[in-house]
Structure formats: structure tokens, C-alpha cells
Amino acid sequence: MGRGRVQLKRIENKINRQVTFSKRRSGLLKKAHEISVLCDAEVALIVFSNKGKLYEYSTEASMEKILERYERHSYAEKALFSNEANLQADWRLEYNKLKARVESLQKSKRHLMGEQLDSLSTKELQHLEQQLESSLKHIRSRKNQLMLDSISELQKKEKLLLDQNKTLEKEIMAKEKAKALVQNAPWEKQNQCQYSSAPSHAVISNFGSTPASRTLRARASEEESPQPQLRLGNTLLPPWMLTHMNG
């Protein structure tokens, strides 16, 4: 039959307890050495007997170096855990603050919308009314400012368009004057040539059949036709003297 399972409990017999401690201690040290060799691990083993006697084992590194490394690692882990715990506590506190703030804002929003007003007192309702009036005042002021800015912008655009319209009108008038001068130049040149080549009676005939034109034509014909003259001795008398003499 195989060996039975040993029940783990304190051995009451002092001698048996001492013998078991000696055997198990040797086996524990042997296992520590084996794991350090097989797995290339740094192992430090410390055992105190019930009488306070020290038994220790360490790998090639000294026990002090392993203990210092253990302390640094233990301190870092403690600091990390402590920081994590502190961070978690801070985040939990911040979460509670933000949650309360959100609830307060939602409640204030509902009050501003005219909802859930039954729980408010007269003083709170007056304060809410003042808030609404102040908000409306700011809204109206902002709206008026935007309207004034829009009107000013439109006036600037209107002035710009008027200036552009005046400039275009001047350009159009200048182009029309230039076009009229170009169209009238051949006619003026032709009329100058006709007046310079036409005889005097042809020019007079152009005045039409008015009394003044007929008088001018009669005078022109009298100047062109030879007038009868009377010789008195060696002197020729003009025609108007003949008229008076006949009369």
C-alpha cells in the first residue's frame, strides 16, 4: 500500500516536530537550489526555527542584493497600487461632483423652460424671473447689434453700387459723344466742300422763297446785269442820278 496523505497541522510532539523541521528544511533548501540552477533564477530563502535560529540560502548573488531588489520592487508595487487607489478615489470623487453638477444644470434648464416649478418658493421664482429678463435683455441687445451691422453693411454696398453706376454712366456718355463725333465728321466735311464750290447765286437760292430771299436775289441780279449810264460831257452819271433826273 502507498503512503497515506499527511494531514497538515501542527505536530504536537516536540521531538517529532524537530525531526520533521530538520528533514523538510533540508528538502526546501535542496528545492531552492534546484530551481535556481534549472531555471536560472535568483533565489533567496530565509527560515527561522521556533527557537529563532536562522537558516538561509541565496544564489550566486549575495543575499543583500536580492533583498535590496526585493525592497525596490515591493516599494514600486506599493507606490503603484497606492497611486492607482488614489487615482480611483480622485476619479470617483470627480465623477460624483460632475454628476451632481449635471443634475443641477438639468434641473435649472427645466425651470427655465417653465417645468417643475411646483417645488420653487416665491423668492426662487422671483430670481428665476430676473434671470429670464436679463437673458431676454442680452438677446435683444445682440439682435439689435446684428441688425445695425447688417444695415451698415448694406449701406456700404449701396454706396459702392451707386459709385459704380456713376462711373458706368460717364463711360457710356463719353462713348456716345465719341460715336457722334465720328458720325458727324464726314457730313461736315462734305458740306464745307459744297459751300466752297457753289456760286453766289446758288447759295442765295438756297434761302427759299421768303421776301428776304427774293430781295437778295433781285439785288444780286441787278449787280450782275449791266446798268444804263448817261454821259454828261466827259462824265458818266450813275443810274440812281438818272432816276432822280427823270422824276
Side-chain angles (χ1 to χ4, degrees), residues 39-44 46 61-193:
C39 302
D40 193 17
E42 292 184 5
V43 179
I46 299 175
S62 63
M63 178 66 71
E64 289 79 6
K65 291 182 178 180
I66 296 176
L67 291 177
E68 288 178 359
R69 184 177 179 183
Y70 168 77
E71 288 178 357
R72 290 195 301 270
H73 183 75
S74 178
Y75 177 79
E77 285 187 349
K78 289 180 180 179
L80 179 62
F81 291 150
S82 177
N83 291 335
E84 289 181 354
N86 292 333
L87 287 174
Q88 289 180 357
D90 293 340
W91 282 116
R92 192 177 296 107
L93 181 62
E94 189 68 19
Y95 169 77
N96 292 330
K97 289 182 179 179
L98 291 175
K99 184 178 179 181
R101 179 63 177 169
V102 170
E103 291 178 354
S104 177
L105 291 174
Q106 289 178 348
K107 184 178 180 181
S108 178
K109 180 183 177 181
R110 287 192 295 268
H111 291 167
L112 291 173
M113 295 296 294
E115 300 175 357
Q116 298 180 1
L117 301 177
D118 297 336
S119 60
L120 298 180
S121 62
T122 304
K123 188 174 181 180
E124 290 174 343
L125 290 174
Q126 289 177 352
H127 180 68
L128 180 61
E129 185 180 7
Q130 291 177 357
Q131 286 183 341
L132 291 173
E133 289 178 354
S134 177
S135 300
L136 288 174
K137 183 178 179 180
H138 288 299
I139 291 170
R140 293 192 184 100
S141 177
R142 179 57 180 167
K143 184 186 72 173
N144 293 333
Q145 184 64 36
L146 289 176
M147 291 179 67
L148 291 175
D149 294 341
S150 178
I151 291 172
S152 178
E153 188 68 22
L154 291 174
Q155 288 176 350
K156 290 179 181 179
K157 290 182 179 180
E158 181 185 7
K159 184 178 179 181
L160 180 61
L161 291 174
L162 289 175
D163 294 340
Q164 291 179 355
N165 191 16
K166 289 180 180 180
T167 303
L168 292 175
E169 287 180 354
K170 291 180 180 179
E171 292 179 357
I172 292 171
M173 291 176 66
K175 289 181 179 179
E176 289 180 351
K177 288 181 179 180
K179 185 177 179 182
L181 291 175
V182 171
Q183 291 178 353
N184 294 332
W187 293 99
E188 292 177 356
K189 186 175 181 181
Q190 184 177 0
N191 291 335
Q192 290 176 0
C193 294

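Since the structure is predicted, the reported quantities are computational estimates derived from the model, not experimental observations.
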J.: How long is the span from the CG atom in Asn96 to the CZ atom in Arg101, to the nearest 0.5 Å?
T.: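 Answer rounded to 0.5 Å: 15.5 Å.
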
J.: Sequence neighbours left out, what passes side-chain hydrogen bond (donor to acceptor under 3.5 Å, both in side chains) with Gln126? Give chain and number order.
T.: none

J.: Taking distance alone, no hydrogens or angles, what donor-acceptor pairs closer than 3.5 Å link side-chain atoms of residues 152-162 to residues at least two apart or in another chain?
T.:
none

J.: Within a reach of under 6.0 Å around CG of Asp40, are more than 12 heavy atoms found that belong to other residues, nucleotides or ligands?
T.: no

J.: Which value, rounded to the nearest 0.5 Å, describes the distance between Trp91 atom CH2 and Leu98 atom CG?
T.: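 Here the rounded value is 9.0 Å.
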
J.: Is it true that Glu42 and Arg69 make a salt bridge, defined as a side-chain N closer than 4.0 Å to a carboxylate O?
T.: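 The answer is yes: the pair qualifies as a salt bridge.
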
J.: Going by side chain to side chain contact (heavy atoms under 4.5 Å, CB included), name the residues that satisfy it together with Glu64, two or more places apart in sequence or in a different chain.
T.: Ser62

J.: Are any non-hydrogen side-chain atoms of Glu124 and Leu128 less than 4.5 angstrom apart?
T.: no

J.: Side-chain contact test, heavy atoms from C-beta onward, threshold under 4.5 Å: evaluate it for His127 versus Gln131 and give yes or no.
T.: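 Side chain of His127 against side chain of Gln131, heavy atoms only: contact under 4.5 Å found.
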
J.: In the structure I gave you, are the side-chain heavy atoms of Arg142 and His138 within less than 4.5 Å of one another anywhere?
T.: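 Of all side-chain heavy-atom pairs linking His138 with Arg142, none is under 4.5 Å.
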
J.: Tell me, please, which residues at least two apart from Lys137 pass side chain to side chain contact (heavy atoms under 4.5 Å, CB included).
T.: none

J.: Please identify each residue that fulfils side chain to side chain contact (heavy atoms under 4.5 Å, CB included) with Glu133, with sequence neighbours left out.
T.: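 By the side chain to side chain contact (heavy atoms under 4.5 Å, CB included) rule, Glu133 matches Glu129.
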
J.: Kindly list each side-chain donor-acceptor pair under 3.5 angstrom involving residues 104-112, sequence neighbours excluded, with atom names and distances?
T.:
| unit_1 | atom_1 | unit_2 | atom_2 | d |
| --- | --- | --- | --- | --- |
| Arg110 | NE | Gln116 | OE1 | 2.9 |
| His111 | NE2 | Gln116 | O | 3.3 |

